[in-house]
Structures are given as C-alpha cells and as structure tokens.
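Reading through the structure tokens given below for one structure.
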Amino acid sequence: MDSESSHVLVIDDDVDVCSCVQDYLMKHDFRVSVASTGKQVLEIIGQDAIDLLVMELRLHGDDGLRLAREIRQKSKLPIVVLSDLREEADRVLGLEMGADDYLTKPFSPRELLARIRAVLRRSQPDTVSPGRDETLRAYRFAGWELNVRLHRLLTPSGERVEISRGDFSLLCAFLSSPQRILSRDQLLELSRIHSTEVYDRCIDVQIMRLRRKIEEDASHPKFIRTERGTGYFFDATVKAIR
C-alpha cells in the first residue's frame with residue numbers, strides 16, 4: 001500500500017516520541033494523529049478511518065495491553081508496538097495479544113517507517129468487493145476519502161463536502177466497483193436509489209449532481225466517465241479501508 005493519505009495513529013504519553021514519529025511520518029506523506037490516553041484513542045478511532053496504530057504498551061494511567069486487546073476484539077486494525085518494554089517475554093506477550101510487529105525504544109525512525117509499510121502491505125488489500133461489508137470503514141481515491149460509517153466525504157486537502165443520501169449511495173456504488181462499466185440497472189441496484197420516475201433519468205441526474213461535488217470540471221469528468229450506450233465507470237484506483 002502506498003503511504004500517500006494513509007492515516008496512522010500514534011499512541012504514547014511521551015510528547016517527544018509522538019513529535020518525532022509524527023514529523024518523520026508526515027515527511028513521508030502519511031497523515032498522522034496522536035493520542036496519550038485510551039479515551040482519546042477510542043474517540044479518534046470512532047471518528048476517523050485509521051489505517052494503523054503505533055502504540056506504547058506502558059501508558060501512565062492506562063493499561064496499554066488492555067487497550068490493545070480491546071481494540072483487537074473490535075477490529076482488525078494493524079498494530080505496531082513501539083515500547084520501552086524490552087524483555088523477550090514482553091515482546092511475546094505483545095505479539096500474542098494481536099500486535100502485527102514490535103519495535104523497542106530507542107528506535108530508528110527509518111526502521112519504524114519500513115515496518116509500518118510492511119504491515120500495511122500485508123494487512124490492507126487493494127481489491128474492493130461489491131456488496132455490503134460490515135468491516136468496511138472508508139474508501140480512498142486520488143486523495144479523497146469517503147467514510148462510510150459517518151457518511152463523510154473529505155477532499156484531498158481535508159475539507160468536508162456535504163453530500164446527500166443519494167449522492168452517498170451512488171458514490172459507494174461506484175467505489176465498490178471501480179474501473180468497471182456499470183449499467184444504469186446495476187447502479188440502481190448497487191446504490192438502492194428508488195424513484196417513481198423513469199430510473200434511467202434518475203441515475204443520470206444523480207450522476208450529474210455527484211460530478212459537481214467531486215470533479216474539478218463536471219463537464220469534463222476524470223472520475224465518473226460515460227461509456228456511451230452502456231453506462232458509466234469510475235476511473236480511479238480505489239482502496240477499501242477496513
């Protein structure tokens with residue numbers, strides 16, 4: 001997986017460690033959030049589509065192991081442990097509770113970056129499967145992010161774009177089947193758009209509205225392309241974030 005737009009959450013109550021990791025990862029095109037308590041971690045995970053956690057298991061006032069187990073029980077979010085705990089037994093415990101990798105302090109930011117990239121490649125497939133997926137958290141394409149749980153669309157610069165329920169459903173339909181020609185009937189089924197009007201016109205109007213939201217020039221779209229006489233296709237690489 002490319003680092004561009006990947007969102008990493010760094011969990012540590014050492015401000016210097018958080019600052020070091022955040023600065024280094026951001027220089028390599030990652031989005032980075034930081035947290036120092038379990039409460040902050042759960043709030044951020046609930047609001048944002050996080051790709052990977054970098055976490056210290058020894059947090060002041062919090063049991064890092066307990067927090068890691070709680071996260072692992074609720075999701076498959078990749079975890080890279082970055083900890084002061086150096087004993088072999090600590091590393092084994094961290095891996096057994098569900099961590100994908102374990103790195104001890106003091107650490108090399110370059111090595112941490114390599115491990116993060118390796119875990120992301122192993123854990124996040126590029127393929128997107130049509131249909132309902134309870135584990136799906138977001139779609140990403142060309143820097144854009146559609147958070148499917150919060151119905152929130154963000155531009156590459158992080159600005160929020162207001163979209164209607166119909167826009168959201170149609171965009172989900174396209175993102176679940178990128179670079180694949182979809183007929184109007186297929187779009188109707190995938191997006192579950194219902195109308196008493198002729199459905200062909202309903203889909204066309206909805207696509208026109210959606211283009212105005214995500215295209216630089218809606219009259220010359222680069223994402224939602226028309227295949228004359230057949231339907232439409234979404235011309236971008238899409239990543240499903242689970």
Side-chain angles (χ1 to χ4, degrees), residues 1-8 29-31 45-52 75-78 120-121 123-195 199-200 202-228 230-242:
M1 177 177 180
D2 294 336
S3 62
E4 183 180 3
S5 297
S6 295
H7 195 169
V8 173
D29 300 321
F30 283 86
R31 294 172 56 201
I45 291 176
Q47 290 293 319
D48 293 310
I50 302 297
D51 294 282
L52 180 142
S75 75
K76 296 181 179 179
L77 195 59
L120 287 174
R121 284 195 297 269
S123 63
Q124 297 190 3
D126 290 339
T127 56
V128 181
S129 300
R132 188 174 182 84
D133 183 349
E134 297 296 338
T135 68
L136 183 67
R137 292 181 289 127
Y139 289 112
R140 294 210 184 108
F141 64 96
W144 290 75
E145 177 179 293
L146 179 67
N147 188 312
V148 299
R149 296 184 180 179
L150 300 179
H151 287 210
R152 186 176 64 189
L153 178 63
L154 300 178
T155 69
S157 62
E159 298 177 3
R160 184 169 180 175
V161 176
E162 294 298 329
I163 58 173
S164 67
R165 190 176 298 274
D167 292 337
F168 172 82
S169 297
L170 184 58
L171 184 54
C172 280
F174 277 120
L175 296 180
S176 69
S177 301
Q179 299 175 326
R180 170 187 165 196
I181 298 174
L182 298 172
S183 68
R184 289 172 175 79
D185 284 340
Q186 288 173 314
L187 285 169
L188 182 67
E189 180 180 353
L190 287 171
S191 60
R192 298 181 180 178
I193 297 174
H194 299 284
S195 175
Y199 59 80
D200 272 16
C202 173
I203 290 293
D204 291 338
V205 170
Q206 195 73 52
I207 285 175
M208 179 179 64
R209 292 173 179 168
L210 182 57
R211 279 173 169 164
R212 290 172 180 167
K213 298 291 178 69
I214 66 173
E215 302 281 6
E216 291 185 10
D217 182 353
S219 61
H220 296 87
K222 66 177 183 179
F223 294 133
I224 304 176
R225 308 291 290 273
T226 302
E227 188 70 16
R228 294 193 179 280
T230 306
Y232 299 91
F233 67 98
F234 198 83
D235 193 11
T237 299
V238 177
K239 294 185 183 297
I241 311 302
R242 294 179 170 86

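Please read all numbers here as calculations on a predicted model, not as lab measurements.
A donor-acceptor pair under 3.5 Å links the side-chain atoms of Ser176 to the main chain of Ala173, judged by distance alone. In this structure a side-chain-to-backbone donor-acceptor pair under 3.5 Å is present from Arg137 to Arg242. A distance-only check finds no donor-acceptor pair linking the side chain of Asp48 to the backbone of Ile50 [under 3.5 Å]. In terms of modelled atom types and a separation under 3.5 Å, the side chain of Lys239 and the main chain of Ala138 share no donor-acceptor contact. Between the side chain of Glu215 and the backbone N or O of Ile224, at least one donor-acceptor pair lies under 3.5 Å.
The OG atom of Ser219 sits 12.5 Å away from atom CE of Met208, with the distance rounded to the nearest 0.5 Å. Note that CD1 of Ile203 and CG of Leu170 are 6.0 Å apart. Values are rounded to the nearest 0.5 Å. Distance CD/Gln47 to CG/Asn147: 8.5 Å, rounded to 0.5 Å. Atoms OG and CG, on Ser169 and Leu188 in that order, are 11.0 Å from each other to the nearest 0.5 Å. To the nearest 0.5 angstrom, Lys213 atom NZ is 10.5 Å from Leu171 atom CG. Rounding to the nearest 0.5 angstrom, the gap separating the CG atom in Asp51 from the CG atom in Leu77 is 8.0 Å.
Residues Asp204 and Arg184 form a side-chain contact, since some pair of their non-hydrogen atoms from C-beta on lies under 4.5 Å apart. Using a 4.5 Å cut-off on side-chain heavy atoms (C-beta onward), Leu153 and Asp167 make no contact. Looking at heavy atoms from C-beta onward, Phe223 lies out of side-chain contact with Leu210 at the 4.5 angstrom threshold. Using a 4.5 Å heavy-atom cutoff, the side chains of Leu52 and Ser6 are not in contact.
For the residue pair Arg140 and Ala49, the shortest heavy atom distance occurs at NH2-O, 2.9 Å. The two atoms that bring Val238 and Tyr139 nearest to each other are CG1-CD2, 3.8 Å, heavy atoms only. In terms of heavy-atom proximity, Gly166 sits nearest to Gln206 at C-NE2, 3.5 Å. Between Ile214 and Trp144 the shortest heavy-atom distance is O-CZ2, 3.6 Å. The nearest pair of heavy atoms linking Ile181 to Gln186 is O-OE1, 3.8 Å. Residues Phe233 and Arg180 share a closest heavy-atom pair of CB-O, 3.4 Å.
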Begin with the C-alpha distance, continue with both residues' side-chain angles, and end with the deciding distance and a verdict on side-chain contact (heavy atoms from CB on, under 4.5 Å) for Gln179 and Asp235.
CA-CA 5 Å; Gln179 299 175 326; Asp235 193 11; 4.0 Å; yes
Derivation of the side-chain contact (heavy atoms from CB on, under 4.5 Å) call for Val148 and Leu175:
CA-CA 11 Å; Val148 299; Leu175 296 180; over 6 Å; no
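Under a 4.0 Å N-O distance rule, the pair Asp217/Lys222 does not qualify as a salt bridge.
Checked against the 6.0 Å centroid threshold, Phe141 and Phe234 count as a close aromatic pair.
Ring geometry for Phe168 against His151 counts as parallel: the plane angle stays under 30°, on a 0 to 90° scale with 60° as the upper cut.
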